[in-house]
2 protein chains.
Amino acid sequence: MSRSNRKSQIVQTAAHLFRKEGYQAVSMRDLADNLGIKAASLYNHISSKEEILALIIMDMARTFSEHIAEVRKNENSSVDKLTEIIDMHLRTTFHKTDVLACMNREWKHLNDDYRKTYLQLRNQYENDFLQIIENGMETGELRSLNPKILSNTFLSALRNLYHWHDRDPEFSEDRVRESVKDYLLSGLLLG
Amino acid sequence: MSRSNRKSQIVQTAAHLFRKEGYQAVSMRDLADNLGIKAASLYNHISSKEEILALIIMDMARTFSEHIAEVRKNENSSVDKLTEIIDMHLRTTFHKTDVLACMNREWKHLNDDYRKTYLQLRNQYENDFLQIIENGMETGELRSLNPKILSNTFLSALRNLYHWHDRDPEFSEDRVRESVKDYLLSGLLLG
DNA sequence: GTCTATAATAGGATAGAC
DNA sequence: GTCTATCCTATTATAGAC
């Protein structure tokens with residue numbers, strides 16, 4: 001198989017296994033077995049196990065950062081901005097489940113350099129999100145709750161929707177998006 | 001040190017390290033170092049690394065199950081029941097942070113028997129929670145959103161509030177509880 | 001690009017002295 | 001209850017043949 005095809009195949013399979021078993025629990029032999037080759041052959045395509053993890057995580061982390069930076073500076077209302085962010089998380093939850101779960105659960109195993117960059121990106125993401133929330137409160141679009149606590153709670157909900165796929169595959173992406181949007185934006189109580 | 005004191009000290013220290021580094025990343029030698037003894041000495045108090053993980057997780061899992069079973073069968077309104085559940089999660093988030101994070105992140109590494117029991121408890125918990133939500137919708141106390149999607153989203157938010165302690169130690173438990181309650185129960189939009 | 005063989009290390013766990 | 005010494009296995013990664 002060609003070098004670059006095999007490489008992306010390795011990364012994809014690794015993401016799947018890392019998500020299912022955890023990064024440390026998956027050996028290079030396990031990964032190779034799943035690809036039908038021997039462990040030593042992996043090193044013709046990647047330089048280390050850590051590199052695979054970085055290839056999985058860093059790209060997704062940058063995608064999220066770029067997305068929220070664009071949303072933050074566009075001219076939409078706060079509710080529309082929050083809707084765009086929910087949409088992004090839902091798309092990723094449904095179409096990049098393995099990578100998203102890997103990122104959320106295994107980033108601690110990145111090497112020092114990548115982990116530092118990852119945490120910078122995550123902090124930046126959370127700051128951008130907080131800014132959007134605070135803007136919405138200032139313009140009166142959103143209720144004046146504590147913005148930091150609200151951000152953290154909102155993001156906790158969004159980031160962990162991938163647990164879905166392990167348990168409730170019965171709902172379509174559209175169905176989930178509408179309900180999640182409705183709940184997270186409008187609230188729970190009647191009237 | 002007496003046998004039972006040392007044992008609970010081992011479990012507590014392990015919970016802290018497992019949370020910080022991940023179960024697989026913490027060796028018995030790391031754990032022993034943190035306790036100021038040698039790895040071999042640990043085995044005078046516990047039988048295996050897996051047993052330590054089970055001691056951390058299973059007790060907390062049962063506590064959550066018993067709590068929601070009691071809440072489900074009491075006579076309070078749905079909103080009061082949800083409030084009791086939020087309170088329980090907040091108490092645990094603030095006072096048993098290490099154990100809670102361990103349970104959420106490391107349960108996959110339980111041995112087969114414990115993992116099976118853990119998943120039964122978790123399923124039962126989610127069913128009880130779903131029942132409470134569905135009841136609230138039937139009596140008209142809650143808006144009629146999709147109950148499964150709502151449960152999943154609500155629980156995603158609650159279960160992951162422990163990320164807090166890693167980042168925003170500035171808020172008191174009471175302050176967080178009131179804001180989280182307000183948001184998760186009442187909603188975000190003004191009016 | 002994949003293989004076999006192997007180096008180098010780290011891990012969980014036990015035996016037996018004190 | 002803790003120690004030293006050690007066993008056994010599994011791991012990441014490399015060397016060199018095909």
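Here the structure is a predicted model, which is why all the values come from computation and not from measurement. Residue numbering restarts at 1 for every chain, and letters A, B, ... go by the order of the sequence lines.
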Within residues 46-59 of chain B, the residues having a heavy atom closer than 4.0 Å to DNA chain C are Ser48(B), Lys49(B)
Could you tell me how far apart Lys38(A) (NZ) and dT14(D) (C1') are, to the nearest whole angstrom? 17 Å
Between atom NZ in Lys7(B) and atom C1' in dG1(D), what is the gap in whole Å? 15 Å
Expressed as a whole number of angstroms, how long is the span from Asn44(B):CG to dA13(C):C1'? 14 Å
Tell me if a side-chain donor or acceptor on Glu51(B) pairs with a main-chain N or O of Ser47(B) at a distance below 3.5 Å. yes
Atom-pair distance (CG on Leu42(B); P on dT2(D)), nearest Å: 9 Å
Nucleotide nearest Ala40(B) (side chain, heavy atoms from C-beta), chosen from dT2(D), dT4(C), dT4(D): dT4(D)
Determine, for Lys148(A) against Glu126(A), whether the closest basic-nitrogen to carboxylate-oxygen distance falls under 4.0 angstrom. no
Evaluation steps, side-chain contact (heavy atoms from CB on, under 4.5 Å), between Met137(A) and Leu150(A): CA-CA 11 Å; Met137(A) 289 180 181; Leu150(A) 174 60; 3.5 Å; yes
Can you confirm if the NZ or CZ of Lys49(B) lies within 45° of the ring axis of Tyr23(B) and under 6.0 Å from the centre of its six-membered ring? yes
The side chain of Tyr43(A) is closest to which nucleotide in this list: dA13(D), dT2(D), dT4(C)? dA13(D)
Residues of residues 20-36 of chain B with any non-hydrogen atom less than 4.0 angstrom from an atom of DNA chain C: list those, numerically ordered, please. Val26(B), Ser27(B), Met28(B), Arg29(B)
Reported CG-to-CG distance for the pair Asn160(A) and Leu155(A), which is rounded to 0.5 angstrom: 10.0 Å
To the closest 0.5 Å, what do you measure between OG (Ser179(B)) and CG (Leu145(A))? 6.0 Å
Atom pair distance, as rounded to whole Å: NE2 in His45(B) and P in dG12(C): 17 Å
Is the distance between the ring centroids of Tyr162(B) and Phe94(B) under 6.0 Å? no
Return no unless some side-chain N or O of Ser41(A) is found under 4.0 Å from OP1 or OP2 of dC3(C). yes
So, applying side chain to side chain contact (heavy atoms under 4.5 Å, CB included) with Ile52(B), which one of Ile57(B), Ile46(B), Val26(B) is it? Ile46(B)
Looking at Tyr183(B) and Leu184(A), would you say the former's side chain and the latter's main chain have a donor-acceptor pair under 3.5 Å? yes
